[in-house]
K.L.:
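This is the structure, below, for whatever I ask next.
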Amino acid sequence: MNFLARIGLAVRCQLVNMGISARLLWRLLSLMGPALRRPRLIGDQIHFLGNYSLAIIGVSGLFVGFVLGLQGYYILQRYGSAEALGMMVALSLLRELGPVVTALLFAGRAGTALTAEIGLMKAGEQLSAMEMMAVDPVKRILAPRFWAGLITMPLLAAVFSAVGVLGGWLVGVVMIGVDSGAFWGQMQQGVDWWSDLGNGVLKSFVFGLAVTFVALLEGYAAKPTPEGVSRATTRTVVVASLAVLGLDFLLTATMFSI
């Protein structure tokens, strides 16, 4: 009976957590209007999340493009299709690697910063002080960060993909010697605006929503202790990364089955 009671308690706690998460997500989505009416707050958070993540996104995209250029050339050369290197690099980045890798890096860099910031504000009783002054912390603190993350993620994914294509061009055309006209021509013919570029943008929006929400939720629900904040930061990376990979599978299966 004790074993069954523990199972029931665990299931009940998970259901309660799911309910709290769903209510917070609905609250953040419903605060889009008030948040957008204060663009300065969102602009500051976009600078905090995007500008400080730009270096790691750019460098990672460049090296991913290098690897795609090398691996793609050696694979396509076997079938006499080395001219299709540009199309392969662009499709790989726009469809999968751009949104997914950017989201994972965003979770490790910006997501942990958001969780630590909110957790420290809770530990320092700043959120409680706002409530005492009749200031809603969800509306004043969480909502601008949520919408800033939702805006920043697609921009970072676009930067990652663009730099990755440039890296593939440097390796394939400059270093190996693939024809430059064939590289760009095959890319333009093989990449579709909606099925490739549009799906990548949609993925980046969904990943940005998931990562930012997980980061804010973990920080808002963290225990107000140094150990609690550190554990919440670790959970942000783990949960956000798993959410990105799971959503990537669901979105890919949905997009290519339609």
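Here the structure is a predicted model, which means the values were calculated and not measured. Scope of the values below: all heavy atoms of this structure, side chains included, with no hydrogens, waters or symmetry mates.
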K.L.:
For A110 and L49, work out which heavy atoms get closest and say how close.
P.N.:
CB-CD2, 3.7 Å
K.L.:
Are L216 and I151 in one and the same hydrophobic cluster, where Ile, Leu, Val, Met, Phe, Trp and Tyr link if side-chain heavy atoms are under 4.5 Å apart?
P.N.:
yes
K.L.:
Roughly how far, to the nearest 0.5 Å, is the CG atom of L62 from the CD1 atom of I57?
P.N.:
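Rounded to the nearest 0.5 Å, the CD1-CG separation comes out at 13.0 Å.
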K.L.:
Do M187 and V165 have side chains that approach each other closer than 4.5 Å (heavy atoms only, starting at C-beta)?
P.N.:
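The answer is yes, as the side chains (C-beta and beyond) meet within the 4.5 Å cut-off.
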K.L.:
Is E83 close to F183 at the side-chain level, that is, under 4.5 Å between some pair of heavy atoms?
P.N.:
no
K.L.:
Can you measure from CZ (R109) to CG (L104) and round to the nearest 0.5 angstrom?
P.N.:
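It is 16.0 Å, given to the nearest 0.5 Å.
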K.L.:
Could you state whether L68 and V178 fall into the same hydrophobic cluster, counting links through intermediate Ile, Leu, Val, Met, Phe, Trp or Tyr residues with side-chain heavy atoms under 4.5 angstrom apart?
P.N.:
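Looking at the clustering, V178 is in the same group as L68.
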K.L.:
F205: what forms a ring pair (Phe, Tyr, Trp, His ring centres under 6.0 Å) with it, not counting sequence neighbours?
P.N.:
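Applying ring pair (Phe, Tyr, Trp, His ring centres under 6.0 Å) to F205 gives none.
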K.L.:
Which distance, rounded to the nearest 0.5 Å, do you find between the CG of L114 and the CD of E218?
P.N.:
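It comes to 12.5 Å.
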K.L.:
Would you say V237 ends up clustered with I56 if hydrophobic residues are merged whenever their side chains have heavy atoms under 4.5 Å apart, either directly or through other cluster members?
P.N.:
no
K.L.:
Please report the shortest heavy-atom distance between F106 and G149, naming the atom on each side.
P.N.:
CZ-CA, 4.2 Å
K.L.:
Heavy atoms, side chains only, cut-off 4.5 Å: are W169 and W184 in contact?
P.N.:
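Touching, per the 4.5 Å side-chain cut-off.
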K.L.:
With a 4.5 Å cut-off on side-chain heavy atoms, are F207 and L251 touching?
P.N.:
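Yes, their side chains come closer than 4.5 Å.
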K.L.:
Is atom CD of E125 surrounded by more than 12 heavy atoms (other residues, nucleotides or ligands) closer than 6.0 Å?
P.N.:
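No, CD of E125 has 12 or fewer neighbouring heavy atoms, counting only those of other groups under 6.0 Å.
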K.L.:
Does the pair V59 and F63 meet the rule for a side chain to side chain contact (heavy atoms under 4.5 Å, CB included), with working shown?
P.N.:
CA-CA 6 Å; V59 173; F63 282 105; 3.6 Å; yes
K.L.:
Checking side-chain polar atoms at under 3.5 Å, does T152 have a donor or acceptor matched by the opposite partner on Q45?
P.N.:
no
K.L.:
Do M130 and I141 make a side-chain contact, defined as non-hydrogen atoms from C-beta onward lying under 4.5 Å apart?
P.N.:
yes
K.L.:
Please round to the nearest 0.5 Å and tell me the distance separating atom CG of L156 and atom OG of S53.
P.N.:
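So the CG of L156 and the OG of S53 are separated by 6.0 Å.
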K.L.:
Below 4.5 Å, heavy atoms only, C-beta onward: do R38 and P144 meet side chain to side chain?
P.N.:
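No. Closest side-chain heavy atoms not under 4.5 Å.
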K.L.:
What are the two closest heavy atoms between R145 and E117, and how far apart are they?
P.N.:
NH2-OE2, 2.9 Å
K.L.:
Ignoring hydrogens and geometry beyond distance, is a side-chain donor-acceptor pair present between K122 and S128 at under 3.5 Å?
P.N.:
no
K.L.:
Give, for atom CD of Q71 and atom CG of L85, the distance between the pair rounded to the nearest 0.5 Å.
P.N.:
11.5 Å
K.L.:
Could you tell me which non-hydrogen atom of F160 sits nearest to which non-hydrogen atom of G98, and how far apart they are?
P.N.:
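So the two residues come closest at CD2-CA, 3.6 Å.
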K.L.:
Answer yes if V211 and V238 sit in the same cluster of Ile, Leu, Val, Met, Phe, Trp and Tyr residues linked by side chain heavy atoms under 4.5 Å apart, and no otherwise.
P.N.:
no
K.L.:
Side chain to side chain contact (heavy atoms under 4.5 Å, CB included) between L36 and M32: does it pass, once the steps are laid out?
P.N.:
CA-CA 6 Å; L36 295 180; M32 178 182 67; 3.6 Å; yes
K.L.:
Locate the shortest heavy-atom distance separating A215 from G111; write the atom from each residue and the value.
P.N.:
CB-O, 3.4 Å
K.L.:
Contact between M87 and Q188 at the side-chain level, heavy atoms closer than 4.5 Å - yes or no?
P.N.:
no
K.L.:
How long is the straight-line distance from CG of L31 back to CG of L28, given to the nearest 0.5 Å?
P.N.:
6.5 Å
K.L.:
One pair to check against side chain to side chain contact (heavy atoms under 4.5 Å, CB included): L142 and L24. What are the steps and the verdict?
P.N.:
CA-CA 10 Å; L142 269 65; L24 180 60; 4.1 Å; yes
K.L.:
Please identify each residue that fulfils side-chain hydrogen bond (donor to acceptor under 3.5 Å, both in side chains) with Q14, with sequence neighbours left out.
P.N.:
none
K.L.:
Kindly check if the number of other-residue, nucleotide or ligand heavy atoms within 6.0 Å of CZ (R231) is above 12?
P.N.:
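No, not enclosed.
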K.L.:
Is any side-chain heavy atom of L29 closer than 4.5 Å to one of F146?
P.N.:
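F146 vs L29: side chains touch.
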K.L.:
Under the side chain to side chain contact (heavy atoms under 4.5 Å, CB included) criterion, do T212 and L150 qualify, and how do the steps go?
P.N.:
CA-CA 7 Å; T212 309; L150 197 61; 5.9 Å; no
K.L.:
Testing the basics here: between V244 and V100, what is the closest heavy-atom pair and its distance to 0.1 Å?
P.N.:
CG1-O, 4.3 Å
K.L.:
Are L209 and L242 joined in one hydrophobic group, where the rule is that I, L, V, M, F, W and Y side chains link up if heavy atoms are under 4.5 Å apart?
P.N.:
no
K.L.:
Would you confirm whether T102, through its side chain, and P99, through its main-chain N or O, come within 3.5 Å as a donor-acceptor pair?
P.N.:
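Checking the backbone N and O of P99 against the side chain of T102, no donor-acceptor pair under 3.5 Å is found.
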K.L.:
Examine distances only and state if a side-chain atom of S30 and a backbone atom of R27 form a donor-acceptor pair shorter than 3.5 Å.
P.N.:
yes
K.L.:
Can any side-chain N or O of S81 pair as donor or acceptor with the backbone N or O of A84 at less than 3.5 Å?
P.N.:
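Judged by distance alone, no pair lies under 3.5 Å.
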